[in-house]
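Structure, as structure tokens:
Just so it is clear: chains get the letters A, B, ... in the order the sequence lines come, proteins before strands, and each one is counted from 1.
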Amino acid sequence: MKITATGTKEKKGVENKNLNSDTSLNFIQNIIEEDLKNNKNQGRVHTRFPPEPNGYLHIGHAKSICLNFGLAKQYNGLCNLRFDDTNPTKEEEEYINSIIEDIHWLGFDWEDRLYYASDYFEQLYKWAIKLIENGKAYIDDQDSEQISEQKGTPTKPGKESPYRKRSIEENLDLFMRMHAGEFPDGSRVLRAKIDMASPNMHLRDPVLYRILHTPHNHTGDKWCIYPMYDFTHGQSDYLEGITHSICTLEFEVHRPLYDWFLDQLINGNYRPQQIEFARLNLSYTVMSKRMLLELVEQGYVTGWNDPRMPTVSGLRRRGYTPESIRNFAEKIGIAKRENIIDVALLEHSVREDLNKKAPRVMAVLNPLKVVITNFPEDKTEELETENNPEDPGMGTRKLPFSREIYIEQEDFMENPSRKYFRLGPGREVRLKSAYIIKCENYIKNEKTGEIIELHCTYDPDTKSGSATSQRKVKGTLHWVSAKHAIRAEVRLYDRLFNDEDPAGKKDRDFKEFLNPDSLKIPDNCLVEPSLKNIKHGDKFQFQRLGYFCVDQDSISDKLVFNRTVTLRNTWAKMNK
RNA sequence: UGCCCGAUGGUGUAACUGGCAACACAUCUGAUUCUGGAUCAGAAGAGUCCAGGUUCGAUCCCUGGUCGGGCAACCA
């Protein structure tokens, strides 16, 4: 009976697995498939990624980029890049360039479809006039304080503006004079005439245009009135032929307004649809632009691309690959519920990718000198070692071995337990790609307790790869040859915050949770000599330590590596 | 206390639109290993927020709650 039940269960699991792999769609894909079935919008799928150029892209944006470009690819459609640049007081060219670079780096391309909402200012202006002519918009002479007072609260209806009943002629005249620059900033706005008592705050006569005598990155000083987001986004989608306008949850309450403008301004059988999904939250970090900006401006990190930042440029500098980020985006899925993804999943994604791609090399972070007493004093032996056991196609290289080497301080213990597989008095270990050595003696600073040096003997019959090397020992250590090794700076990065949700604590500033050990730079790191001619961005696995990449600060006289992520480490886990 | 949205193992996402819950990460075994990595095999872990209802049968449909999130910028 029991056996049957188990057997049934297993069989079912396999069936479901196959089923899932080709029929499991997220809710947006379901909507699209339904639309396609109904030949909605002539069966087109056209998405867009619409960043505001007021900050750097982060991993949350990467999720959205993968979604939008991914959907377009999946359904043989297109995805545009559109800068949502309707507020010249906050937006900068620097951000535009970084955004373009980051999206390309992630592996996506919009061909010739790079747009700016500011491309549509002329059309938007005409549409505003049309609304006025139809009695659906009016000029309000009040300042923002008065308007917001009249707006009411979510539970109390608003009051109508005293200017709401202005004649169409007067509204038109005033709007054109606003456009002509006759009025100072903040003196007047154009508002939609909808419903001041609407339970949806966004429908209480939202502001459409404000006066801003500020030159714009793309339109120069052509305009001194600028449209608001709500009056811009849906119409821009329409102008670009967007079919599925995907945004995050906080815009859900804007959707009725999005639709209201389209209702007023367009007709025909094509219309874009706004769909909202839940933004990404990652544990042990913050994702809001405001907080990231604060970290940058107040010097908690070295910049937007500090390797500890969850920005795309930070992750790139940290050593993440575009593939690993795309795979991550795939794995986290798309839904509408609030979520906090475990950073461990992001870390898993890089390890998975780098495991296949990164050449293995030897580096010692905290060197402990080892003298191989029975190895000839001036001899250097060239040992052959594979570059990546996961991929023999990556070839082999030579490793110099000599009488004095360095191993990791953590790889020796004076009084080790039986579960410790490394070096201790009288113990044997294998040196990776070299010989088995035995610890015969050690020198200790009796005052500090520090181990200064180890004296070992090697067994010449145990050379890696040789016919006589069959002897087995439990532990294998990485090492570098003392006289051949190169000094390097190695930056050991860890998570930026100690708390899983630093931004989610009421009455506590997120900066209180900053991890003081998010960056450690040990003093005397040594790497094997084959690393002499590396390039910025090159990625390696430092054997037994983790994945590292060459930082942009690296020069040939002073190599600099960033730790992307450690290897999984069951030993470290056992000792917690 | 108005409107909108959400609720499935520790985390995230599924479940062919009604047939008693799957996958990934994390966790834990064991095998294997010249990386305490990788790989392989396996285990544990939710009975789907609660209460009613419809139905032969509900994670899925209906009703009412509860809890969480969003909405009051001339920001996006």
Side-chain angles (χ1 to χ4, degrees), chain A residues 12-13 15-17 19-21 23-26 30 50-52 54 84-87 89-91 140 143-144 147-148 151-158 185-191 198-204 207-212 226 228-230 232-233 247 249-256 276 278 283 289 331-342 344-349 351-352 355-356 360 362 385 389-390 419-422 429-434 436 462 464-465 469 472-478 541-546 566-574:
Chain A
K12 199 154 191 186
E15 281 167 9
N16 281 345
K17 193 178 180 182
L19 210 72
N20 277 341
S21 61
T23 64
S24 176
L25 303 175
N26 65 49
N30 279 323
E52 182 188 14
N54 70 343
D84 219 331
D85 57 348
T86 57
N87 187 350
T89 65
K90 289 191 178 172
E91 294 148 8
D140 198 326
D143 60 33
S144 61
I147 290 178
S148 105
K151 202 139 212 167
T153 69
T155 51
K156 267 177 264 159
D185 287 8
S187 59
R188 286 184 167 82
V189 289
L190 178 69
R191 292 229 260 166
S198 170
N200 183 337
M201 297 289 292
H202 297 277
L203 262 21
R204 324 244 261 227
V207 172
L208 270 34
Y209 268 90
R210 75 287 217 187
I211 301 171
L212 247 30
Y226 292 94
M228 302 289 291
Y229 165 84
D230 285 306
T232 306
H233 205 91
C247 62
L249 251 28
E250 67 269 28
F251 290 98
E252 209 150 22
V253 282
H254 292 242
R255 195 184 338 128
E276 311 86 15
S283 62
K289 275 186 190 175
K331 276 184 254 215
I332 58 178
I334 300 294
K336 291 190 76 162
R337 68 185 87 103
E338 299 281 330
N339 59 81
I340 300 184
I341 308 281
D342 192 342
L345 185 58
L346 216 212
E347 293 173 346
H348 169 262
S349 300
R351 288 195 188 103
E352 187 182 42
N355 178 46
K356 293 178 293 189
R360 288 358 53 146
M362 305 253 233
T385 184
E390 300 293 315
K419 285 201 163 177
Y420 185 83
F421 303 154
R422 289 113 95 146
V429 293
R430 170 169 290 283
L431 295 175
K432 176 74 185 172
S433 301
I436 290 176
T462 58
S464 290
S469 73
K472 296 225 186 294
V473 286
K474 193 79 177 159
T476 300
L477 306 186
H478 60 277
Q541 185 197 93
F542 287 0
Q543 211 113 193
R544 299 211 303 140
L545 295 173
T566 62
L567 256 27
R568 285 190 67 205
N569 190 339
T570 48
W571 170 245
K573 228 175 272 169
M574 284 166 66

Between [N] and [M], how far apart are the two [atom1] atoms, rounded to whole Å?
{"N": "C71(B)", "M": "U17(B)", "atom1": "P", "result": "36 Å"}
{"N": "A24(B)", "M": "G65(B)", "atom1": "C1'", "result": "34 Å"}
{"N": "C16(B)", "M": "C23(B)", "atom1": "P", "result": "16 Å"}
{"N": "C3(B)", "M": "G45(B)", "atom1": "C1'", "result": "39 Å"}

Could you list the residues that satisfy side-chain hydrogen bond (donor to acceptor under 3.5 Å, both in side chains) with [X], not counting sequence neighbours?
{"X": "E390(A)", "value": "none"}
{"X": "R204(A)", "value": "none"}
{"X": "K289(A)", "value": "N54(A)"}

Whole angstrom is fine here: how far is it from [atom1] in [X] over to [atom2] in [N]?
{"X": "K573(A)", "N": "C25(B)", "atom1": "NZ", "atom2": "C1'", "value": "12 Å"}
{"X": "R351(A)", "N": "U39(B)", "atom1": "CZ", "atom2": "P", "value": "11 Å"}
{"X": "R568(A)", "N": "C40(B)", "atom1": "CZ", "atom2": "P", "value": "12 Å"}

Check: protein-nucleotides 72-76 of chain B nitrogen or oxygen pairs below 3.5 Å:
residue, atom, partner, partner atom, Å
C74(B), N3, G186(A), O, 3.4
C74(B), N4, Q142(A), O, 2.9
C74(B), N4, S144(A), N, 3.2
C74(B), N4, G186(A), O, 2.8
C75(B), OP2, R210(A), NE, 3.0
C75(B), OP2, R210(A), NH2, 2.6
C75(B), O3', R210(A), NH2, 3.3
C75(B), O2', N87(A), ND2, 3.3
A76(B), OP1, T86(A), OG1, 2.5
A76(B), OP1, R210(A), NH1, 3.4
A76(B), OP1, R210(A), NH2, 3.0
A76(B), OP2, Y229(A), N, 2.9
A76(B), O4', E52(A), OE1, 3.4
A76(B), O3', D84(A), OD1, 3.4
A76(B), O3', D84(A), OD2, 3.2
A76(B), N6, H254(A), NE2, 3.2

Could you tell me whether the side chain of H254(A) reaches within less than 4.5 Å of the side chain of Y229(A), counting heavy atoms only? yes
Is the closest side-chain heavy-atom distance between R422(A) and W571(A) below 4.5 Å? yes
Quick check for you: among [options], whose closest atom lies nearest to any side-chain atom of [X]?
{"X": "K432(A)", "options": "G36(B), A38(B), U35(B)", "result": "U35(B)"}
{"X": "D342(A)", "options": "U35(B), C5(B), U11(B)", "result": "U11(B)"}
{"X": "A344(A)", "options": "C25(B), U35(B), C4(B)", "result": "C25(B)"}

Quick check on G37(B): syn or anti? Syn means the glycosidic torsion is within 90 degrees of zero. anti
Return the set of residues passing salt bridge (charged side-chain N to carboxylate O under 4.0 Å, His left out) with E347(A) (not counting sequence neighbours), or none when no residue passes. R495(A)
Intra- and inter-strand pairing of RNA chain B, written as dot-bracket with Watson-Crick and G-U pairs under 3.5 Å and | for the latter, reads .((((((..((((.....[..)))).(((((.......))))).....(((((..]....))))))))))).....
Need one value for G475(A): base, sugar-phosphate or nothing, where a base atom within 4.0 Å counts as base even if backbone is also close, heavy atoms only. nothing
So, does the side chain of [X] form a donor-acceptor pair with the base of [N] at under 3.5 Å?
{"X": "R337(A)", "N": "G68(B)", "result": "no"}
{"X": "E252(A)", "N": "G69(B)", "result": "no"}
{"X": "Q541(A)", "N": "U35(B)", "result": "yes"}

Rounded to the nearest 0.5 Å, what separation is found between the CG atom of L25(A) and the CD1 atom of I334(A)? 12.5 Å
Who are the ring-ring contact (aromatic ring centres under 6.0 Å, His included) partners of F421(A), not counting sequence neighbours? none
Not counting sequence neighbours, which residues clear ring-ring contact (aromatic ring centres under 6.0 Å, His included) with H348(A)? List them please. none
Applying side chain to side chain contact (heavy atoms under 4.5 Å, CB included), can you list everything that pairs with V189(A), at least two apart in sequence or on another chain? D140(A), I147(A), R191(A), V207(A), R210(A)
